[in-house]
Amino acid sequence: GRSCLAGYGCRLDEEEAEKYRQRRMKMENSKDELIQKIELARLVLNKSIDENQNYDEIYKNSVELDRLIEEYIIAGY
């Protein structure tokens, strides 16, 4: 558990500290994965535009990029 003293905050025990570190690493991995997905989606969109693909394909790629960016913003990264 936590040991808390008024005015001094709380101190995590080793087990809680390790759980916190693991959650933080998982969040960082998720952030990095999301950034990679955004970068890939941007490349796909740019390629579809450069190759003059049909409107529906470009639109689909644009919507996917927007969705990933929105996910990034909502996550608060």
Side-chain angles (χ1 to χ4, degrees):
R2 295 174 187 227
S3 59
C4 299
L5 300 172
Y8 294 100
C10 296
R11 196 178 61 199
L12 298 176
D13 65 22
E14 280 304 310
E15 184 179 330
E16 285 179 319
E18 181 59 28
K19 287 180 186 177
Y20 175 78
R21 282 190 289 274
Q22 289 175 2
R23 277 196 309 269
R24 184 125 171 108
M25 285 186 73
K26 191 173 187 179
M27 284 174 44
E28 286 299 316
N29 288 337
S30 296
K31 180 181 178 181
D32 292 341
E33 289 171 15
L34 189 52
I35 289 170
Q36 288 176 353
K37 288 178 182 179
I38 290 170
E39 290 171 353
L40 179 59
R42 185 179 9 242
L43 291 172
V44 169
L45 173 60
N46 289 343
K47 184 176 180 185
S48 65
I49 292 169
D50 292 343
E51 294 178 354
N52 294 319
Q53 293 182 4
N54 69 47
Y55 175 82
D56 291 338
E57 189 67 23
I58 293 171
Y59 181 77
K60 180 188 78 145
N61 294 335
S62 178
V63 168
E64 176 62 11
L65 178 57
D66 288 348
R67 184 190 68 76
L68 291 167
I69 292 170
E70 180 180 20
E71 188 177 328
Y72 184 89
I73 292 168
I74 290 171
Y77 295 134

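- E15 is linked by a salt bridge (Lys or Arg N to Asp or Glu O under 4.0 Å) to K19, counting only residues two or more places apart in sequence or in another chain.
- The hydrophobic cluster around I74 extends to none of the other residues, as no ILVMFWY side-chain heavy atom falls under 4.5 Å of it.
- Summarising the geometry, atom CD1 belonging to I69 is positioned 9.5 Å from atom CG belonging to L34; distances are rounded to the nearest 0.5 Å.
- When all heavy atoms of L45 and S62 are compared, the closest pair comes out as CD1-N, 3.8 Å.
- For E51, the side chain to side chain donor-acceptor pair (under 3.5 Å) test picks out Q53, with sequence neighbours left out.
- The CG atom of D50 sits 9.5 Å away from atom CD1 of I58, with the distance rounded to the nearest 0.5 Å.
- Grouped by direct or indirect side-chain proximity (heavy atoms under 4.5 Å, Ile/Leu/Val/Met/Phe/Trp/Tyr only), L43 sits alone.
- Applying the side chain to side chain contact (heavy atoms under 4.5 Å, CB included) criterion to Y59, with sequence neighbours excluded, gives Y55, V63.
- Checked against side chain to side chain contact (heavy atoms under 4.5 Å, CB included), L40 has the following partners two or more places apart in sequence or in another chain: V44.
- Applying the salt bridge (Lys or Arg N to Asp or Glu O under 4.0 Å) criterion to E39, with sequence neighbours excluded, gives no partner residue.
- The salt bridge (Lys or Arg N to Asp or Glu O under 4.0 Å) check on R67 picks up E64, E71, with sequence neighbours excluded.
- Expressed to the nearest 0.5 Å, how far CG of D66 lies from CD1 of I38 amounts to 10.5 Å.
- For N54, the side chain to side chain contact (heavy atoms under 4.5 Å, CB included) criterion is met by D56, E57, not counting sequence neighbours.
- Remark: K37 engages no residue in a salt bridge (Lys or Arg N to Asp or Glu O under 4.0 Å) (not counting sequence neighbours).
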